[in-house]
Amino acid sequence: MRFKLPSNISPQLGENLLKPILNSGDLTRARQLFDKIPEPNLHSWTNLISAYTKQGLPNEAINLYSLFRKKNDIHLPPDRILLLSVIKACAAFADLTKAKEIHEDAVTYRFVSDLNVGNALINMYGKCKFCEGAQSVFDGLPFKDVISWTSLLSSYVNSGFFREGLVTFREMGLNGLRPNAVTVSSILPACSELKWFNSGRQIHGYVVKDGVGENAFVTSALVDMYASCSCLKEAQLVFDHMLVRDIVSWNVILSAYFLNGESEMALSLFDEMRTQEVTLNYDSWNTAIGGCVQNGENTQALELLIQMQIKGLKPNHITITSVLPACSNLESLRKGKEIHAYIFRNKTFSDMTTTTALVYMYAKCGELEISSQIFNMMPRKDAIAWNTMIISNSMHGKGDEALLLFKNMIISGVKPNSVTFTGVLSGCSHSRLVDEGIQVFHSMRDYFIEPDADHYSSLVDLLSRAGQLEEAYEHIQKMPMKATAGAWGALLGGCRVYKNVDLARIAAKNLFEIEPDNPGNYVLLSNIFVAGKLWGEASKYRKIMEEKGMSKPPGCSWIQVKNKVYTFAVGDKSNEQSDEITKFLNDIRYKVRLAGYFPNTDFVLQDLDQEEKEEVLCNHSEKLAVAFGLLNLNGESSIRVFKNLRICGDCHNFIKFTAKVVGIQIIVRDSLRFHHFKEGLCSCRDFW
DNA sequence: GTAGGGTTAG
């Protein structure tokens with residue numbers, strides 16, 4: 001019921017009127033009333049600010065505090081409680097600029113030495129991942145309690161400074177303070193991250209011996225710690241002995257099995273959980289779905305997503321973020337688009353993590369354009385978002401774009417990390433941007449990032465692909481760490497393209513030492529000898545393969561049409577439209593010949609006559625999949641084919657001409673990258 | 001009105 005407000009509300013009356021409305025949770029009405037109080041008292045300000053934070057609107061809380069400062073200036077200084085409520089809002093908002101402002105106010109009004117205010121400030125800086133701030137507030141406290149120490153070490157742990165967190169934990173003990181249950185459950189994740197089994201076990205010992213007061217938080221953290229240290233048995237043991245088990249404990253043991261690659265065990269545990277008394281929560285489903293994806297069980301993950309919905313649970317943004325990589329891995333554009341539509345309908349779109357997963361999904365499924373569009377719309381981009389877009393462009397052979405993104409990333413003030421450079425370098429490598437790549441490599445120092453083996457391998461790849469094989473070899477020799485298979489493999493790959501048998505022998509020798517059982521290396525070397533007409537040596541390595549019982553996985557290509565994936569092997573006749581495919585390819589073969597295509601039978605390694613060789617070429621899985629895609633266009637103007645191995649050189653040429661003849665864009669993703677065929681050209685500019 | 005249990009890139 002509405003009633004008419006008195007025209008001039010006294011501060012006390014305002015407070016009394018505001019309270020019941022706030023208790024009812026109607027913030028809009030509370031604000032309307034608040035705005036009618038000419039001079040709200042401190043309680044009213046505090047109560048409204050707290051209410052905003054509680055309802056998940058910390059930015060409103062902070063804005064209200066700014067209004068308070070503007071209106072009251074010197075006449076009404078904030079008290080301790082008002083400051084505490086604003087500090088809490090800043091912690092929830094996690095914005096460093098605002099955090100520093102409120103810290104200054106705490107100094108101005110002489111509350112920084114207050115234990116509660118100090119503790120709240122430490123926590124706030126921790127939430128902003130500004131550990132220097134947390135530490136300096138901590139240092140300034142004349143008296144520190146368990147909460148001060150716990151808040152400080154949590155700041156370190158949550159900001160990724162696990163060692164510093166553990167140092168703080170030890171110092172705390174040396175200063176005579178006893179860690180409690182919260183302290184222990186805050187520090188254990190540091191042991192999990194660092195996989196420091198000994199520290200973790202010591203803390204476990206302390207928990208048992210000193211009776212920290214076991215609760216679900218502590219035991220769950222212990223289970224997670226043991227699981228992270230690959231001690232599944234100990235994890236199970238702690239779980240079995242738990243006195244208090246809540247749903248989180250179950251979720252933690254579930255994730256323990258996934259973490260250790262035991263997805264079968266995990267899934268049967270999940271089934272058990274579903275039949276038990278425990279009520280599954282979002283985290284249970286998200287853990288199961290995410291666990292499946294992490295273990296390569298992508299189809300199972302998508303299945304669980306459906307089951308979750310049947311149970312009446314609406315996937316939340318974490319579910320969606322966890323399941324999107326399954327679409328990326330399966331390259332299922334169809335399913336990915338379905339999930340995108342779901343995101344759109346449910347307005348969880350603004351979440352940066354989800355959007356990043358979406359950007360990557362589109363790129364992996366061949367839709368770089370959509371990927372870029374979504375990326376450009378992101379209001380905030382962190383290093384992972386930028387890296388995702390850089391890697392996506394590199395994957396699609398757009399090195400110049402990757403470089404541009406890298407520059408923009410720097411301009412926008414986001415710090416590149418080691419992954420950024422891996423992405424940019426591989427982009428340069430695929431686009432033959434040699435000088436640019438070398439420059440990027442050397443610029444790593446400017447960002448205080450030490451090149452790792454992958455960066456060196458990228459550099460070797462960059463030079464090898466550009467034909468600078470000697471330089472590439474020199475760089476391998478100059479590597480500060482032992483050269484990896486990636487580096488030697490890159491050199492060997494370059495030797496195949498530029499027909500350098502001598503360096504190939506050296507590269508292969510080293511490669512075989514590191515990876516004696518990788519059939520791909522033997523095939524590659526053998527093919528280099530074939531190209532050099534060194535038949536004897538070529539067959540020697542084929543024989544070694546046979547003796548070792550190794551075989552390269554057979555080439556296959558697949559394409560998604562409507563909701564189904566169709567797979568093709570070489571010379572595959574099992575498809576129901578097989579006859580049409582053959583007829584279509586014969587027809588196309590005639591047309592592309594007229595357009596200037598000539599079959600390159602160098603890619604046929606068997607000893608056959610010319611006509612037979614052409615026949616073999618025409619049976620390659622990628623050609624079959626492309627033909628099938630073109631026969632089942634359903635009005636699309638592009639098709640996407642995926643191949644498990646590298647695309648064959650003749651197929652590459654054939655598909656270029658085919659794209660021109662049929663006027664359709666053909667996108668082929670091979671084991672290394674994407675090729676966009678359009679109007680007789682490929683995005684890789686024949687450089688792969 | 002001060003501390004603790006998830007998700008995205010290689």
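Labels below follow one simple rule: chain letters A, B, ... track the order of the sequence lines, proteins then strands, and each chain is numbered from 1. All values below come from the heavy atoms of this structure, side chains included, with hydrogens, waters and symmetry mates left out.
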Find the distance A:Ile247:CD1 to B:dG5:P and express it as a whole number of Å. 17 Å
Are the ring centres of A:Phe270 and A:Trp285 closer than 6.0 Å? yes
Take the protein atom CE of A:Met361 and the nucleotide atom C1' of B:dT8, then report the distance between them rounded to whole Å. 13 Å
Proximity to the side chain of A:Ser85 - top-ranked nucleotide from B:dG1, B:dA9, B:dT8: B:dG1
Only counting residues at least two apart or in another chain, list the ones meeting side chain to side chain contact (heavy atoms under 4.5 Å, CB included) with A:Arg110. none
May I have the distance from A:Leu259 (atom CG) to B:dG6 (atom P), rounded to whole angstrom? 11 Å
Worked verdict on A:Glu15 versus A:Lys19 for salt bridge (charged side-chain N to carboxylate O under 4.0 Å, His left out): CA-CA 6 Å; A:Glu15 183 191 337; A:Lys19 258 189 198 155; 3.4 Å; yes
Show me the donor-acceptor pairs within less than 3.5 Å that the side chains of residues 370-380 of chain A make with the rest of the protein, sequence neighbours left out.
from	atom 1	to	atom 2	distance (Å)
A:Ser371	OG	A:Val359	O	2.6
A:Ser372	OG	A:Leu368	O	3.0
A:Asn376	ND2	A:Ser372	O	3.2

Kindly point out which of B:dG6, B:dG5, B:dT8 is positioned nearest to the side chain of A:Thr356? B:dT8
Gap between atoms CD1 and P, on A:Ile318 and B:dG6 respectively (whole Å): 10 Å
Where the side chain of A:Ala357 is defined as all heavy atoms beyond and including C-beta, which of B:dG4, B:dT2, B:dT8 is the nearest nucleotide? B:dT8
Atom-to-atom span, CG of A:Leu177 to P of B:dA3 - whole angstrom: 18 Å
Regarding A:Lys364 and the six-membered ring of A:Phe674, is the cationic atom NZ or CZ under 6.0 Å from the ring centre and inside 45° of its axis? no
So, with a heavy-atom separation below 4.0 Å from DNA chain B, the residues of residues 383-393 of chain A are A:Ile384, A:Asn387, A:Thr388, A:Ile391
Within this structure, what is the CZ-to-C1' distance between A:Arg380 and B:dT8, rounded to whole angstrom? 14 Å
Where along residues 122-143 of chain A does a heavy atom fall under 4.0 Å from DNA chain B? A:Asn123, A:Lys127
Rounded to whole angstroms, how far apart are CG on A:Leu405 and P on B:dA9? 18 Å
Which atom pairs, one a donor and one an acceptor, fall under 3.5 Å between side chains of residues 120-127 of chain A and the rest of the protein, sequence neighbours left out?
from	atom 1	to	atom 2	distance (Å)
A:Asn123	OD1	A:Lys127	NZ	2.9
A:Tyr125	OH	A:His103	ND1	2.7

What is the distance, rounded to the nearest whole Å, between atom CE of A:Met378 and atom C1' of B:dA9? 11 Å
Partners of A:Pro189 by side chain to side chain contact (heavy atoms under 4.5 Å, CB included), sequence neighbours excluded? A:Val157
